[in-house]
Number of protein chains: 2
Amino acid sequence: MTVTIAEVAAAADVSTSTVSRCFAQPDAVRADTRERVLEAARRLGYTPNRIARSLAVGRTRTLGLIVPDIGNLFFASIAKAVQARARAKDYAVFLADTDEQPGDEAELALTMAKQVDGLLLVAPRMSEDELTEVVAAAPAVLLNRRMDGVSSVAAAGAEGVRMAAEHVRALGHRHLALILGARNSWSSMERSRAARQACEELGLQLTEFGPLPPKFGSGVGAADLVLAAGPTAVVAHNDMVALGLISRFAERGVRVPDDMSVVGCDDTLLARTATPSLTSVSIPLDSLGRQAVDLMVRTLDQPGHRPAPAETVLESGLTVRRSTGPLRTQAAPPTATTTQPHRS
Amino acid sequence: MTVTIAEVAAAADVSTSTVSRCFAQPDAVRADTRERVLEAARRLGYTPNRIARSLAVGRTRTLGLIVPDIGNLFFASIAKAVQARARAKDYAVFLADTDEQPGDEAELALTMAKQVDGLLLVAPRMSEDELTEVVAAAPAVLLNRRMDGVSSVAAAGAEGVRMAAEHVRALGHRHLALILGARNSWSSMERSRAARQACEELGLQLTEFGPLPPKFGSGVGAADLVLAAGPTAVVAHNDMVALGLISRFAERGVRVPDDMSVVGCDDTLLARTATPSLTSVSIPLDSLGRQAVDLMVRTLDQPGHRPAPAETVLESGLTVRRSTGPLRTQAAPPTATTTQPHRS
DNA sequence: TTGAAAGCGATACCAA
DNA sequence: TTGGTATCGCTTTCAA
């Protein structure tokens, strides 16, 4: 049924070692021998058994990707990029979805660690202790999160928030709301910090809401609070939350963008397919995924595979993709005079 | 570094066979011996090496999942369910995204076939010839598609279309547009067939558009054609296309749902997060994924693993999830009198 | 109930 | 440049 290296060896009248070499280091075999072997292999339809190879070499050429929710476009986009890049480098990808249960995350990662060469972790809410444990179990790269001593690839979230703040400032707004993401979310905390600084510098009043789970419903719920507090612009933790806000605003008769500016984060399909489309901070997720794989593979393919110095890649290609489609008027036209208010 | 079965055996003063048995068939070992072995295993932190086990037993406890685009919520939802169910059954999942390139699909599947126990294929556009070849390479289950002699789990798309047609009929519409999906898409063809029959029976005039790639842009493009042709209701191939339609309708000043009814398919997050939310034919994707895994595992865990009779599961729990949120008036209120027009 | 030993399919070291 | 063979870690007869 399945043709092994031994059969090829027999057919080509060489030893199994030689056949193996023909695939691993072709140069170490004389040309005509190699020819003969490859021909036999082709004729017999031989393909190396990756499992057997893995057992022998101790590496699986498999990467483990752990995400909180593959049904979330943010993570799905990353997964897509990771998968594509990994395949290009001849690595297979194990996918694990933790279903947003931070408790199981570490355990799952630990289990997976034994089956793969490296772990790609998108785990915004895993504790640093757990993370430390996981990282000890296998080479790992953190996505969209940073931690000392661990390789990571993250978007410059601070930059994104600042851009969003500048955007709403340019539209003439003075009071900005920020909807935070999940409690303990690394990127959410990062954004909160960045928002405070940006608003201070831009002379914007800032009101924060949350932390809240990054879901549509959270936006729906937060909308009324925002309305009560008085901001005229909102930056939401992600696009789903932003759409939740918009939905509730519509119910309350608050028109977007006429009465209220809403800015999402991540610029997923959700933002692009809304009518009118949602202004959103665009994060190059595919680039994030690609770079994570590259970093991982670089570590793995290093000959002296031990040192593995932690390396951090900060992706900075963030942009604000502005709403398109049938807009109505903007709330407050930008003033031509430059003012520099300052608030405690 | 890594603790093996031999070390456990030594520590518990038994043979490796016994240790192995303790995990594989605990009943075949005397209680106190088992106790001693498990204790030693725990103390040493032993966990069986899955690779080695795979090599020995010839099975990997890994499933391969092939999807056209994991960045598409439809497939992501399936992937999520598959992943969860597989893990529950102690199977790992290899994910492969073909990036909507039907050409590479078969090759990828063939490659994957050698590393997994079974293949879960979401490949609406793969040719039947290729499919036949793939299916010969490994046990396979088709998702959302049916083919003779191959196990599959599919949604009753016909049922969904009929429900959509009944829905718009109930709203008083007389002329329905159907936006077809990708050329060669199995489910698209299925829906077209179902739409014709349903419209005939319901006395609705039907105009079909497409085939078109199932993307937002296709909806945008089709909107003008629909407007020109006169239907007052549209059933789109999926939610993305539906949102594209709505986007363009808005630009053209056509109000949804006042002037035009739009029904999506799949009821993804996209439909739910739109404002107002999009009426969509809801397909229980998680159930599809779950059943596919169950079917696969049932086949795999069959002792006399050869026969594997093709089995088809037709998921019929489709529903129409109606738009919620700030609606405006409906176009044509349903008439109280029952009419039964008939058109050739 | 337990153990010895032969694989599973490839790799890689050491000789030739 | 090639071949023999031990090895990777576990499973699974077959005997004891």
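The chains referred to below are lettered A, B, ... by the order of the sequence lines, with proteins before strands, and numbering in each begins at 1. Bear in mind the structure is a predicted one, so any value in this text is a computation, not a measurement.
- The shortest distance between side-chain heavy atoms of Thr98(B) and Val67(B) does not fall below 4.5 Å.
- Other residues, nucleotides and ligands place no more than 12 heavy atoms under 6.0 Å from the CD atom of Glu107(A).
- A heavy-atom distance below 4.5 Å is found between the side chains of Asp294(A) and Lys89(A).
- Direction change of the helix axis from one end of the helix from dT1(C)-dA16(D) to dA16(C)-dT1(D) to the other is 40°, with five pairs defining each end axis (rounded to 10°).
- Taking atom CZ of residue Arg61(B) and atom P of nucleotide dC8(C), one finds them 22 Å apart after rounding to whole Å.
- Note: CG (Asp117(B)) to P (dC8(C)) measures 18 Å, nearest angstrom.
- The shortest distance between side-chain heavy atoms of Leu285(B) and Phe75(B) does not fall below 4.5 Å.
- Salt bridge Glu311(A)/Arg298(A): present, at least one basic N to carboxylate O contact under 4.0 Å.
- In this structure, Lys114(B) atom NZ and dA10(C) atom C1' are separated by 15 Å, rounded to whole Å.
- Arg30(A) places its CZ atom 14 Å from the C1' atom of dG3(D), with the value rounded to the nearest Å.
- Side chains of Leu143(B) and Leu121(B) form no contact here, defined as non-hydrogen atoms less than 4.5 Å apart.
- Under the 4.0 Å criterion applied to side-chain N and carboxylate O atoms, Arg61(A) and Asp90(A) are assigned as salt-bridge partners.
- Within the 4.5 Å cutoff, the side chain of Leu63(B) has heavy atoms near those of the Met296(B) side chain.
- Taking atom CZ on Arg34(B) and atom P on dT1(C), their separation rounds to 9 Å, with Å as the unit.
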* Structure fact -> A correct 5'-to-3' footprint of nucleotides 8-16 of chain D, with B, S and - meaning base, sugar-phosphate only and no protein heavy atom under 4.0 Å, is BBBBBB---
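- Residue Thr33(B) is classed as a sugar-phosphate contact, given heavy-atom separations below 4.0 Å to backbone atoms only.
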